[in-house]
Asks: 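Here it is: the structure, laid out below.
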Amino acid sequence: GTQDDNLRLSSCSPCIDAGINITDTSTNAVQSLGIDADFNIRRFNDPMTPDQGDGKAPIVDAGAYEFGSPPVPSRLYVNVHADGASTGTSWADAFDSLQMALQTARFAGEKVKEIWVAKGIYTPAPGGSSRTSTFQLIDGLAIYGGFAGNEDPATFSLDDRDFDANETVLSGDLGLNDDSGIRQDNCYHVVTGTGLRLLAVLDGFTISGGNADQTDGREALGGGLYLT
């Protein structure tokens with residue numbers, strides 16, 4: 001299609017709430033991106049339309065545009081233990097994947113300024129994924145860890161985070177098997193910052209489990225954090 005095709009949905013369209021939230025591929029389940037082509041929230045429930053799609057409500061619309069949804073907020077939330085709508089718009093509906101939040105922020109350009117991440121362990125990809133998987137920092141984006149996951153953003157100060165009680169771990173242990181002595185499947189770099197031109201903030205995290213075990217090249221350097 002072209003820009004003048006206007007593929008946005010109209011009211012009563014059969015595509016509203018008719019998509020599939022989780023796509024089952026041959027390797028891993030892939031959740032729908034958190035933002036649509038208009039930089040609006042990707043999963044938004046239309047109260048006038050019965051859910052016809054597949055997944056936990058709200059059901060994503062079929063197509064590139066989400067009918068009636070609000071713009072993506074400037075702050076996204078991540079909690080590995082979250083069990084809400086997984087839109088990233090609040091603690092209650094936080095993404096359970098930091099990678100999903102980063103992908104949403106990257107697609108949204110400069111519209112997302114911060115990501116708040118609750119305590120827990122986060123890996124760049126599921127077990128069995130490529131060792132090149134990494135958390136890529138983004139120009140102009142601040143990523144903060146150390147939250148319990150219930151803070152009121154209107155009143156909470158970042159200075160009040162309790163890093164001991166709310167340790168937030170970025171781990172390269174993709175298979176979650178380091179305790180068994182298996183590290184050869186760990187990612188080369190847990191966090192990567194390449195081509196950054198503006199300030200990128202990573203604050204309040206423990207980084208562990210990177211394994212830059214090659215003899216030369218970039219995979220021999222920066223197991224925890226690789227900057228270039």
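Reckoned from all heavy atoms, side chains included, excluding hydrogens, waters and symmetry mates.
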Asks: Under 3.5 Å, is there a donor-acceptor pair between the side chain of D139 and the main chain of L196?
Replies: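 Checked: no pair found.
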
Asks: Could you tell me whether the side chain of S97 and the main chain of M100 form a donor-acceptor pair under 3.5 Å?
Replies: yes

Asks: So does G181 get a backbone contact from the side chain of N177, meaning a donor-acceptor N/O pair under 3.5 Å?
Replies: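 The answer is no, because no donor-acceptor pair under 3.5 Å joins these two groups.
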
Asks: Does one hydrophobic cluster hold both L199 and L158, with members joined at side-chain heavy-atom distances below 4.5 Å?
Replies: yes

Asks: How long is the gap from OG1 on T87 to CZ on F95, to the nearest 0.5 Å?
Replies: 6.5 Å

Asks: In this structure, would L76 and F205 fall into the same cluster of hydrophobic residues linked by side-chain contacts under 4.5 Å?
Replies: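 Looking at the clustering, F205 is in the same group as L76.
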
Asks: Which atom pair, heavy atoms only, marks the closest approach of V190 to G172?
Replies: CG2-N, 3.6 Å

Asks: Grouping I, L, V, M, F, W and Y whenever their side-chain heavy atoms are under 4.5 Å apart, do I143 and F135 come out in a common cluster?
Replies: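 In one cluster with I143: F135, yes.
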
Asks: Are the side chains of N79 and D96 in touch, meaning some heavy atoms are under 4.5 Å apart?
Replies: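 Counting from C-beta outward, N79 and D96 never come under 4.5 Å.
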
Asks: Does the pair S208 and V169 meet the rule for a side-chain contact (heavy atoms from CB on, under 4.5 Å), with working shown?
Replies: CA-CA 7 Å; S208 68; V169 181; 3.5 Å; yes

Asks: Answer with yes or no whether the side chains of Q136 and T192 bring together a donor and an acceptor at under 3.5 Å.
Replies: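 Per modelled atom types, T192 and Q136 side chains form no pair under 3.5 Å.
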
Asks: Report the distance from atom CG of D185 to atom CG of N211, rounding to the nearest 0.5 Å.
Replies: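 Result: 9.0 Å between the selected atoms.
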
Asks: Can you measure from CG (L174) to CZ (R131) and round to the nearest 0.5 angstrom?
Replies: 8.5 Å

Asks: Hey, does the side chain of D36 reach the backbone of F39 with a donor-acceptor pair shorter than 3.5 angstrom?
Replies: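 Yes.
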
Asks: Quick one, D213 and Y188 - any side-chain contact, counting heavy atoms below 4.5 Å?
Replies: yes

Asks: Any side-chain heavy-atom pair from I138 and V112 closer than 4.5 angstrom?
Replies: no

Asks: Under a 4.0 Å N-O cut-off, is there an ion pair linking E66 with R42?
Replies: yes

Asks: Could you tell me the separation between the CG atom of N45 and the OG atom of S69, rounded to the nearest 0.5 Å?
Replies: 11.5 Å

Asks: Crowded around D152 CG? As in, over 12 foreign heavy atoms under 6.0 Å?
Replies: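 Counting other residues, nucleotides and ligands, CG of D152 exceeds 12 neighbours.
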
Asks: If I compare all heavy atoms of P73 with all of I41, which pair ends up nearest, and what's the gap?
Replies: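 Scanning both residues completely, I find the closest heavy atoms to be CD-CD1, 3.6 Å.
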
Asks: Yes or no on side-chain contact (heavy atoms from CB on, under 4.5 Å) for T194 and R218, after CA distance, side-chain angles and deciding distance?
Replies: CA-CA 12 Å; T194 57; R218 61 180 290 167; 4.2 Å; yes

Asks: With heavy-atom distances below 4.5 Å as the criterion, would you say the side chains of Y144 and I115 are in contact?
Replies: no

Asks: Short question: side chain of S90, backbone of D93 - any donor-acceptor pair under 3.5 Å?
Replies: yes

Asks: Classify the angle between the aromatic ring planes of W116 and Y77 as parallel (below 30°), tilted (30 to 60°) or perpendicular (above 60°).
Replies: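 Perpendicular: the ring planes of W116 and Y77 meet at over 60°.
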
Asks: Provide the closest heavy-atom pair for Y122 versus V80 in the form atom of the first, atom of the second, distance.
Replies: OH-N, 2.9 Å

Asks: Which atoms form the tightest heavy-atom contact between S129 and S133, and what is the distance?
Replies: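 So the two residues come closest at CB-OG, 3.9 Å.
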
Asks: To the nearest 0.5 Å, what is the distance between CZ (F163) and OG1 (T168)?
Replies: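 Atom-to-atom, F163:CZ and T168:OG1 are 8.5 Å apart.
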
Asks: A side-chain contact here means heavy atoms from C-beta on lying under 4.5 Å apart; do F156 and F147 qualify?
Replies: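 Yes - at least one pair of side-chain heavy atoms lies under 4.5 Å apart.
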
Asks: Between the side chain of E219 and the main-chain N/O of D216, is any donor-acceptor distance below 3.5 Å?
Replies: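 Judged by distance alone, no pair lies under 3.5 Å.
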
Asks: Could you go through the salt bridge (Lys or Arg N to Asp or Glu O under 4.0 Å) check for D203 and R161 one step at a time?
Replies: CA-CA 11 Å; D203 181 304; R161 286 173 292 169; 2.7 Å; yes

Asks: Which heavy atom in Y65 sits nearest to a heavy atom in D61, and how many Å separate them?
Replies: O-CB, 3.8 Å

Asks: Out of curiosity, L227 CG to H189 NE2, how far, rounded to the nearest 0.5 Å?
Replies: 10.5 Å

Asks: Locate the shortest heavy-atom distance separating V78 from W91; write the atom from each residue and the value.
Replies: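 Taking V78 first and W91 second, the nearest heavy atoms are O-CZ3, 3.4 Å.
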
Asks: Between L137 and V191, is a side-chain contact (heavy atoms from CB on, under 4.5 Å) present by the stated rule, with each step listed?
Replies: CA-CA 7 Å; L137 301 178; V191 180; 3.8 Å; yes

Asks: Check the hydrophobic clustering (I, L, V, M, F, W, Y; side-chain heavy atoms under 4.5 Å; chains of links allowed) and say if I121 and L225 are grouped together.
Replies: no

Asks: Under the side-chain contact (heavy atoms from CB on, under 4.5 Å) criterion, do T123 and L176 qualify, and how do the steps go?
Replies: CA-CA 9 Å; T123 59; L176 300 178; 4.3 Å; yes

Asks: Classify the side-chain pair N186/D178 by whether it contains a donor and acceptor separated by less than 3.5 Å.
Replies: yes

Asks: Can any side-chain N or O of S180 pair as donor or acceptor with the backbone N or O of I182 at less than 3.5 Å?
Replies: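 No, because the side chain of S180 does not come within donor-acceptor range (under 3.5 Å) of the backbone of I182.
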
Asks: Determine whether more than 12 heavy atoms belonging to other residues, nucleotides or ligands lie under 6.0 Å from atom CG of D160.
Replies: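 Correct, the count exceeds 12.
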
Asks: Would you indicate whether the side-chain heavy atoms of L170 and L98 approach each other to under 4.5 Å?
Replies: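 Of all side-chain heavy-atom pairs linking L170 with L98, at least one is under 4.5 Å.
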
Asks: Given side chains that start at C-beta, do those of S11 and F67 come closer than 4.5 Å, heavy atoms only?
Replies: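 Yes; the side chains approach each other to less than 4.5 Å.
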
Asks: Does the side chain of L102 reach to within under 4.5 Å of the side chain of T104, using non-hydrogen atoms?
Replies: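 No, their side chains stay 4.5 Å or more apart.
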
Asks: Okay, side chain of R183, backbone of G210: is any donor-acceptor separation there less than 3.5 Å?
Replies: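 Here the side-chain-to-backbone pair exists.
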
Asks: Give a yes or no on whether Q214 atom CD has more than 12 heavy-atom contacts from other residues, nucleotides or ligands under 6.0 Å away.
Replies: yes

